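Values in this document were obtained by computation on a predicted structure and should not be read as measured data.
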Amino acid sequence: LIRAEPQSGYFVIGIISKVPVSQQLNEKLQGICIGATINEINQKTQTTASIIVISPEFENEQNLLKELYESLFRQASIVSLSDFYESFMKRIPPFTFSEGWFVANLHEQQKKVYDQFKILVDYFLGVILGIIFIAISPFAALAIKINSKGPIFFCQNRVGRHGVNFKVYKLRTMKVLAADGSAETQGPQFAANDDSRITAVGKFLRKTRIDELPQFINILKGQMSLIGPRPERPEFVRQLTEKMPYYALRHLVKPGLTGWAQIHSAYYGTIEENLKKLEYDLFYIKHRNFTLDASIILRTVATVLKMMGR
C-alpha cells in the first residue's frame, strides 16, 4: 500500500526478519532490503530510516531494543505497527481488537463536551436540510411516482445509539417487489453494485444523495447526527455482531447521515466488507473532533457535487 501511494511521503528502506524469507515473498518485496538487524539494513542500503515501525513480536527482542535505543540518537522515530497502521490507513487495525485495547484507547468521557456541541450543530444543520428538502421534494416525488409504482417515502428499522432501534426515513429508490412495499422477496439483503432493483430515478437520487434528505427528521428527533457510523438494519447487526463481538462499539455514538466509513468505502457490500468498515467507524469514534467532522462534510459535499454517491 505504501508503494501504491508514493504521495503519502513514505518509502520503505528495509524489513527486519528473524527467519529466512520465502522466494515468493522475496519477489513481492523486490527492491526492499531484508536483514536480520537494523545495522545490517543500514550497511546494505547506505542509509538510515527516519521512522522505524515495530511489529508486536519484536517488542521484547533485547538485541533489537539496543539498536532502537541507538537509533534515537540518529533522531529516528520509533512507532508501533498498530499506531503506524492507524496513522497511514486512517482506520483502526483489526489485529489490535481486544477489550484491553478499547478500554485504553476509547476515551468517551473526554468526548462529552464535543458531543454536546455536536447536538447544537446537528439541530442547526437539520433545519437547513429540512428547508432544502421542502424545496426539492415536489420534483423528487413527481419523478418517483412517474418512474415506478409505489410510495414516495421508504421507512425502515435501523439500530441507533446504545443499540436502540428507530425508523429511518428515505425517498424510495427501489422497485416495490414485496407485499410490505419493500424490494426484498427473500428476506433482508445488502444492496449490490448495479442492483437491478434500483429504479432509473432511484439511481439519480442515490448519486446525488437526495434520497437521504428525509433523514433530517431523524436528526431533529435526536435519533441521528449529521456525521457518524451508517445506521444499519437490526438483522444485519445481529449477523455482524456474531462475526465480530466488538461491532457493538459503533453504537457508542449516534449514527450519521454521512461518516468516515461512508467516504472511504463502497456503500454496497457483504458481511466481510461491512466488518472492514468497522475499522473506519472505530477510527472516527476514537478521533472525532471538529477538524475531522469538517473534513467529512467537505468530502461529502464534493461527492454530491460530482454525483459520486452510491
Side-chain angles (χ1 to χ4, degrees), residues 122-160 165-221 223-228 230-236 255-259 261-263 265-270 273-274 296-310:
D122 283 336
Y123 277 118
F124 174 73
L125 295 177
V127 170
I128 292 177
L129 290 176
I131 293 171
I132 294 172
F133 174 72
I134 291 171
I136 67 175
S137 60
F139 307 101
L142 182 61
I144 292 170
K145 294 300 288 185
I146 291 175
N147 184 234
S148 63
K149 294 180 179 179
I152 296 169
F153 294 98
F154 180 68
C155 184
Q156 195 174 65
N157 282 332
R158 296 294 173 95
V159 179
N165 288 2
F166 69 98
K167 290 189 179 297
V168 71
Y169 305 101
K170 300 175 69 174
L171 290 172
R172 182 174 61 84
T173 60
M174 289 188 173
K175 302 171 185 175
V176 175
L177 302 177
D180 62 356
S182 72
E184 297 170 334
T185 57
Q186 298 180 339
Q189 63 184 94
F190 288 107
N193 194 21
D194 296 325
D195 199 314
S196 60
R197 299 174 298 166
I198 301 174
T199 65
V201 170
K203 289 179 180 178
F204 173 79
L205 294 177
R206 284 170 174 251
K207 283 184 178 296
T208 56
R209 293 199 172 181
I210 290 175
D211 65 314
E212 307 276 1
L213 284 178
Q215 289 170 40
F216 80 90
I217 298 172
N218 298 113
I219 293 175
L220 294 180
K221 287 173 113 177
Q223 298 165 329
M224 288 180 63
S225 173
L226 182 69
I227 301 169
R230 181 176 177 269
E232 197 51 86
R233 297 174 62 176
E235 301 88 345
F236 296 147
L257 191 64
T258 185
Q262 290 95 305
I263 64 175
S265 54
Y267 169 82
Y268 312 103
T270 60
E273 288 168 346
N274 273 271
I296 293 170
I297 291 174
L298 290 174
R299 293 175 72 166
T300 301
V301 171
T303 297
V304 171
L305 294 177
K306 294 177 182 177
M307 293 184 63
M308 293 173 62
R310 74 295 169 279

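Residues R206 and T173 have side chains in contact (heavy-atom distance under 4.5 Å, counting atoms from C-beta outward). F236 places none of its side-chain heavy atoms less than 4.5 Å from the side chain of N274.
L213 pairs by the side chain to side chain contact (heavy atoms under 4.5 Å, CB included) definition with L129, I132, F133, I136, I210, not counting sequence neighbours. Applying the side-chain hydrogen bond (donor to acceptor under 3.5 Å, both in side chains) rule to N165 yields no partners; only residues at least two apart in sequence or on another chain are considered. Contacts of P231 classified as side chain to side chain contact (heavy atoms under 4.5 Å, CB included), with partners at least two apart in sequence or in another chain: R158, F166, M224, P255.
Atom NZ of residue K167 and atom SG of residue C155 lie 5.0 Å apart, to the nearest 0.5 angstrom. For the atom pair CG (L226) and OG1 (T258), the distance works out to 7.5 Å, reported to the nearest 0.5 Å. R230 CZ to Q262 CD: the interatomic distance, rounded to the nearest 0.5 Å, is 7.5 Å.
Judged purely by atom type and a 3.5 angstrom limit, R172 uses its side chain to pair as donor or acceptor with the backbone of M174.
Residue pairs that meet the side chain to side chain donor-acceptor pair (under 3.5 Å) test with at least one member in residues 132-147, sequence neighbours left out, are N147-T199. Here side chain to side chain donor-acceptor pair (under 3.5 Å) pairs that include residues 122-133, with residues two or more places apart or in two chains, are D122-S225.
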Next on the checklist: Please determine whether side-chain contact (heavy atoms from CB on, under 4.5 Å) holds for the pair I219 and L125, giving the CA-CA distance in whole Å, both sets of side-chain angles, and the decisive distance to 0.1 Å.
Outcome noted: CA-CA 9 Å; I219 293 175; L125 295 177; over 6 Å; no
Next on the checklist: Show, in sequence, the C-alpha distance, side-chain angles and deciding distance for K170 and E212, and conclude whether the side-chain contact (heavy atoms from CB on, under 4.5 Å) test is met.
Outcome noted: CA-CA 5 Å; K170 300 175 69 174; E212 307 276 1; 3.9 Å; yes
Item to check | Derivation and outcome, side-chain contact (heavy atoms from CB on, under 4.5 Å), residues K221 and Y169 | outcome: CA-CA 12 Å; K221 287 173 113 177; Y169 305 101; 3.7 Å; yes
Checklist entry - Can you check side-chain contact (heavy atoms from CB on, under 4.5 Å) on R233 and N157, steps first, answer last? => result CA-CA 6 Å; R233 297 174 62 176; N157 282 332; over 6 Å; no
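None of I297, L298, I296 except one satisfies the side-chain contact (heavy atoms from CB on, under 4.5 Å) rule with T300; the exception is I296.
When all heavy atoms are compared, the tightest approach of A141 to I152 is CB-CD1, 3.5 Å.
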